[in-house]
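Chain letters run A, B, ... following the sequence lines, proteins first, then strands; residues in each count from 1.
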There are 4 protein chains.
Amino acid sequence: MGGTMDGTKQQRRGNTRQRIQDVALELFAEQGYEKTSLREIAERLDVTKAALYYHFKTKEEITVSLFEDLTKPLENLIEWGRGQPGTLETKREILRRYSEALKDAQPLFRFMQENQATVRELRIGDTFKDRVRGLRDILIDTEAPLVEQVRCFSAVFTLHAGMFVMADLEDDPEKRRAAVLEVAMDLVTQAHESTHGKS
Amino acid sequence: MGGTMDGTKQQRRGNTRQRIQDVALELFAEQGYEKTSLREIAERLDVTKAALYYHFKTKEEITVSLFEDLTKPLENLIEWGRGQPGTLETKREILRRYSEALKDAQPLFRFMQENQATVRELRIGDTFKDRVRGLRDILIDTEAPLVEQVRCFSAVFTLHAGMFVMADLEDDPEKRRAAVLEVAMDLVTQAHESTHGKS
Amino acid sequence: MGGTMDGTKQQRRGNTRQRIQDVALELFAEQGYEKTSLREIAERLDVTKAALYYHFKTKEEITVSLFEDLTKPLENLIEWGRGQPGTLETKREILRRYSEALKDAQPLFRFMQENQATVRELRIGDTFKDRVRGLRDILIDTEAPLVEQVRCFSAVFTLHAGMFVMADLEDDPEKRRAAVLEVAMDLVTQAHESTHGKS
Amino acid sequence: MGGTMDGTKQQRRGNTRQRIQDVALELFAEQGYEKTSLREIAERLDVTKAALYYHFKTKEEITVSLFEDLTKPLENLIEWGRGQPGTLETKREILRRYSEALKDAQPLFRFMQENQATVRELRIGDTFKDRVRGLRDILIDTEAPLVEQVRCFSAVFTLHAGMFVMADLEDDPEKRRAAVLEVAMDLVTQAHESTHGKS
DNA sequence: CATGAATGAGCATTCATTCAT
DNA sequence: AATGAATGAATGCTCATTCAT
C-alpha cells in the first residue's frame with residue numbers, strides 16, 4: 001500500500017473495468033453466479049464495492065457485458081455460416097471454427113453451462129438461446145428424419161461437453177479437442193449422408 | 001377452522017416429508033437451488049419454515065435426500081452393469097435402461113444439469129460424479145483410442161441433453177427419447193466395433 | 001442483559017408489533033420518514049432489523065399499518081357526517097369531533113404534515129387524500145361562491161395547524177385547541193350564512 | 001462533438017450555478033429533498049456530480065443558497081412591515097404583498113411545506129422560523145385575546161395552503177389567489193376590529 | 001408435529017463526498 | 001470549469017437457522 005513506483009497501483013489505472021470483468025468471470029465460473037458476491041469480487045481487486053458500481057450499473061450488467069464481449073466471435077461465425085450454401089463441407093467448417101471459438105470463450109461457457117438456471121433469468125438467456133438456435137438452423141436440416149436432427153444436435157453438445165466434462169479422459173486439451181471435434185464431425189457427416197446420400 | 005370432514009388437513013398428515021421433497025425439487029428445477037428459499041417452499045406447502053426443520057436438518061439435507069431417493073434406480077443399474085460381461089450387447093442394454101431411468105428422474109436431472117455449480121459444492125457432487133464415473137467405466141474401454149472414448153461419453157451426454165434441450169426438435173417426448181436413444185446406441189456401437197472389430 | 005425476573009424481556013413478548021409501530025411513529029415524526037432507518041428503530045427496541053421484517057414485510061408496510069390503525073376514528077367521523085343533513089349544525093359538530101379526533105392522532109398528523117413529499121409516494125397518499133376530500137365534501141357546498149369554499153377549507157387547515165405550528169402562541173394545549181376550534185367554527189359559520197342566509 | 005455553432009454548450013456557459021439551483025429546486029419540490037440525489041441533478045444537467053461540487057461545497061449548501069436567493073423579497077417585506085405603524089391598513093397591505101411574493105417563491109414554498117421534517121435539520125430551519133416569526137409579530141398583537149391571535153395565524157396559513165392544497169377548488173390560480181387573499185384579509189380584519197374596535 | 005418469534009450474517013445497491021488531473 | 005475514478009458509510013431487505021412452547 002502506498003508504494004512509489006512499483007506499478008502495483010499504476011498498472012491498475014484505466015483498466016479497472018476490464019479487471020472487474022476478468023475476476024467476475026473467473027469467480028462466476030468457479031463458484032457460480034449466485035454464490036459470488038460483489039464484495040468478493042471487489043476484495044479480490046482490492047477496491048471497494050462502490051467502485052464496481054462506478055463501472056457497471058448492476059451485477060447483471062457485469063454479466064451481460066461479459067457475455068457480449070466474449071460472444072462476438074460466435075456471432076460472427078453464425079453470420080458467416082448463414083451466408084454459405086448448406087453443403088456438408090460448410091457444416092464441417094462450421095464445426096471446425098466453432099470448436100476453435102469455444103477455446104477462447106471457455107470460461108464463459110463453463111459459467112453458462114454450470115449456471116443454466118441463473119442464465120435463464122438473466123437477460124442473456126434469450127440472446128444465448130437465439131445464438132444456439134442460429135447454429136442449429138445451419139447444421140440441422142428441418143426436413144431430415146428426427147434421428148438425424150438429433151445427431152446434429154448431439155454434435156454441438158459433444159463440442160460443449162468436451163471442454164469441461166471430458167477433462168479426465170485426456171489431460172492434453174489440444175488432443176481432447178481434436179478427438180471431440182472428430183466425433184462431432186462424424187455425427188454431422190452421418191446425418192448429412194443418410195439424408196442426402198453420399199455425394 | 002377445526003373442520004371435521006373437509007379432509008384438506010387430514011390428507012396432509014404423515015406425508016409432509018414427502019411433500020417437502022416434491023415441492024423442493026419442483027422449485028429447484030424451475031428456478032435454481034440458490035434462488036429457491038425455504039420460505040418459498042414453506043409457503044407453497046402452507047406450513048412454517050420451522051416445520052421444514054422438523055423434517056430436515058438443513059437445506060442441503062433436503063437436497064441430499066432428494067438425490068438419494070431418486071437416484072437409487074441408477075445405482076442399481078450400474079450395479080447390474082458391473083456384473084455383466086463387457087460386450088456390446090451389455091452396453092446397449094445399459095443405454096436402454098439408462099434412458100428409461102432418466103425418464104423417471106427427469107426433474108432431478110434437470111436440477112442437476114442446470115445447477116452444476118451448486119451441486120459441486122454440495123456433498124452430492126462427489127457421489128454423483130462417482131455414479132457417472134461408474135457408468136463411464138462400463139461403457140468406456142480405457143484401452144480404446146481417445147476418439148472412441150469420446151464417442152461413448154458423447155452417447156451419455158446425448159441422452160441427458162435429449163431430456164431438456166432438444167425439446168423443440170420434437171414435441172412427443174416418447175418419440176424424442178427413441179431417436180435420442182438410437183443416436184446414443186449408434187455412438188456406442190461404433191466405438192465398440194472400431195475397437196474390437198465387428199464380432 | 002440476561003435479567004431473571006425484572007420483566008424487561010418478559011414484557012416484550014407478544015407486543016413487539018405494537019412496540020415497533022410506536023417507536024416508528026415517534027421517530028418518523030421526529031426526524032422524518034427518510035431519515036429514520038430500520039436499524040435505528042430496531043436498536044431503540046433492542047431487537048435486530050430482521051425482527052422488524054418478521055412483523056412487517058417492508059418499511060412502507062409499517063407506515064401503512066400505522067396510518068390504518070390511527071386513522072379509523074376519522075374515517076368513522078366522515079362516515080357519520082355523510083349520513084347527516086347538510087345543516088350548519090352538522091358542520092359545526094363535525095369540526096368539534098374532528099378537533100377531538102386530531103388530539104389522539106397527533107403524532108401521525110405531525111408525521112404526515114412534515115413528510116408530505118414522502119407521503120405522496122407511499123400508498124397512503126391517495127387514501128389520505130380521499131379522506132380529506134370526504135371531509136371537504138361534507139363541509140363545503142360546491143355551489144357556494146369560491147370565497148366561501150376557501151373559508152371552509154381554511155377552517156380545516158386551521159385545525160391542523162393548531163396542533164403543531166401554533167405551539168408558541170399558547171402553552172396549554174387544551175386552551176389552544178379551544179381557540180383554534182372557535183376560529184374554525186367562525187369560518188364555517190360565516191361561509192354557511194353568507195351562502196344560505198341566517199336561518 | 002466540438003461543434004462551433006450549435007449553441008447547446010455555449011448557452012450553458014457561465015450560468016451553471018444558476019442552472020443547478022433551478023433543477024435542484026424543481027426536483028426537491030417534486031420528489032422531496034431526501035429522495036433527490038445529486039446524481040439525479042447532475043444527470044438532468046448533463047454534467048458530472050463532481051461539477052456540482054465545483055459550485056457548491058455540499059448538498060445542504062445548494063439548499064441554503066436556494067433559500068437565501070428566493071427569500072429576499074419576503075425579508076424585505078418584513079423589513080418594510082416593521083417600519084410601519086401597527087394599523088389595520090398596514091396589516092392588510094402586508095397580506096397583499098405577501099400573497100404577491102408567495103407567487104414567485106412558489107416552488108420554494110412547496111419544497112418547504114412538503115419537507116418540513118428535513119428543513120428543520122438544515123440550517124435554514126431556524127432562519128425560516130425567524131422569518132415567519134417576523135411576519136407574525138407584525139400581524140399579531142401579543143396583547144390580544146388568544147382567539148384573535150389564532151385568527152391572524154390562520155390568515156397566514158390560509159395564504160400558504162392556497163398555493164398547493166386548494167388547487168382542486170378552482171383551476172385559475174389568479175382567481176384562487178384572490179379568493180384566498182380575501183379570506184385572509186377578513187380574518188385579520190376581524191381580529192383587529194374585535195381587539196381595537198372598528199375605527 | 002408444528003408454530004411464533006427472533007437472530008446473525010450477508011447481499012445488492014445508493015449516496016454524499018473527495019481528489020488528482 | 002469540469003471530469004474520471006474511487007471511497008466509506010449506510011440502507012432496505014433476505015436467508016438459513018434456532019429454540020422455547
Side-chain angles (χ1 to χ4, degrees), chain A residues 9 12-17 20 34-42 45-62, chain B residues 9 12-17 20 34-42 45-62, chain C residues 9 12-17 20 34-42 45-62, chain D residues 9 12-17 20 34-42 45-62:
Chain A
K9 279 263 171 187
R12 290 190 174 155
R13 271 287 150 56
N15 60 341
T16 306
R17 201 191 136 95
I20 292 172
E34 321 276 357
K35 282 216 162 171
T36 304
S37 72
L38 295 188
R39 178 182 51 72
E40 212 173 346
I41 298 178
L45 289 168
D46 204 37
V47 294
T48 53
K49 269 184 295 169
L52 305 188
Y53 279 92
Y54 176 76
H55 295 281
F56 299 94
K57 267 209 284 282
T58 61
K59 188 183 180 186
E60 178 166 356
E61 217 198 74
I62 299 183
Chain B
K9 279 265 173 185
R12 288 186 178 157
R13 271 274 165 65
N15 59 342
T16 306
R17 202 189 135 93
I20 293 172
E34 321 276 357
K35 281 213 161 172
T36 303
S37 69
L38 295 187
R39 178 176 54 68
E40 214 173 344
I41 298 177
L45 289 167
D46 207 36
V47 295
T48 50
K49 269 184 294 171
L52 305 187
Y53 279 89
Y54 178 81
H55 294 282
F56 299 95
K57 265 209 288 284
T58 63
K59 188 185 181 185
E60 179 166 355
E61 218 197 74
I62 299 183
Chain C
K9 278 264 171 185
R12 288 189 175 153
R13 273 285 153 56
N15 60 340
T16 307
R17 202 190 136 95
I20 293 171
E34 321 276 357
K35 282 217 160 171
T36 303
S37 71
L38 294 188
R39 180 182 49 72
E40 212 174 344
I41 297 177
L45 289 169
D46 203 37
V47 294
T48 54
K49 267 184 295 168
L52 305 188
Y53 279 92
Y54 176 77
H55 294 281
F56 299 94
K57 267 210 285 285
T58 61
K59 188 184 181 186
E60 177 166 356
E61 219 199 72
I62 299 183
Chain D
K9 279 263 173 188
R12 288 184 178 161
R13 273 272 165 64
N15 59 342
T16 306
R17 201 190 136 94
I20 293 172
E34 321 277 356
K35 281 213 160 172
T36 303
S37 70
L38 294 188
R39 180 178 51 71
E40 212 174 346
I41 297 177
L45 288 168
D46 207 35
V47 294
T48 51
K49 268 183 295 170
L52 305 187
Y53 279 90
Y54 177 82
H55 294 282
F56 299 94
K57 265 210 286 284
T58 63
K59 188 184 181 186
E60 178 166 355
E61 217 197 76
I62 299 183

No-H, no-angle donor-acceptor pair, D:K49 side chain to E:dT17 base, under 3.5 Å: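 By the distance-only test, yes, there is a pair.
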Rounded interatomic separation in angstrom, taking [atom1] from [X] and [atom2] from [N]:
X	N	atom1	atom2	answer
A:Y53	E:dT14	OH	C1'	9 Å
B:H55	E:dT3	NE2	C1'	12 Å
A:D46	F:dA6	CG	P	12 Å
C:F56	E:dA5	CZ	C1'	14 Å
C:E61	F:dC13	CD	P	10 Å
B:I62	F:dT17	CD1	P	9 Å
B:I20	E:dA2	CD1	P	8 Å

If I take atom [atom1] from residue [X] and atom [atom2] from residue [Y], how far apart are they, to the nearest 0.5 angstrom?
X	Y	atom1	atom2	result
B:I62	B:L38	CD1	CG	5.5 Å
C:Y54	C:T48	OH	OG1	13.0 Å
A:K49	A:R39	NZ	CZ	8.0 Å
B:I20	B:L45	CD1	CG	6.5 Å

Any residue of residues 34-42 of chain B with a heavy atom less than 4.0 Å from an atom of DNA chain E: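 The answer is none.
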More 5' along DNA chain F: A:A50 or C:K57, using each one's nearest nucleotide?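 Its nearest nucleotide lies further toward 5', so the answer is A:A50.
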Starting at the 5' end of DNA chain E, write a dot or bracket for each base, bracketing those in Watson-Crick or G-U wobble pairs whose two distances are under 3.5 Å and using | for partners on another strand. .||||||||||||||||||||
Nearest listed nucleotide, side chain of C:T48, among F:dT3, E:dG8, F:dT18: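 Of the options given, the side chain of C:T48 lies nearest E:dG8.
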Of all the choices, F:dT18, E:dA16, E:dT13, which nucleotide is nearest to the side chain of A:K59 once you look at every atom?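 For the A:K59 side chain, the nearest candidate turns out to be E:dT13.
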Think D:T16 has a side-chain N or O under 4.0 angstrom from the OP1 or OP2 of F:dA2?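 Looking at the OP1 and OP2 atoms of F:dA2, one of them is under 4.0 Å from a side-chain N or O of D:T16.
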Contact under 4.0 Å: C:Y54 side-chain N or O vs E:dA6 OP1/OP2: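 Result: no.
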Specify the closest pair of heavy atoms between B:H55 and B:E61, including all atoms of both residues, with the distance to one decimal.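 Distance-wise, the nearest heavy atoms are O-OE1, 4.5 Å.
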So which atom in C:K35 and which in D:E34 form the shortest heavy-atom distance, rounded to 0.1 Å?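 Here C:K35 and D:E34 meet closest at CG-OE2, 3.4 Å.
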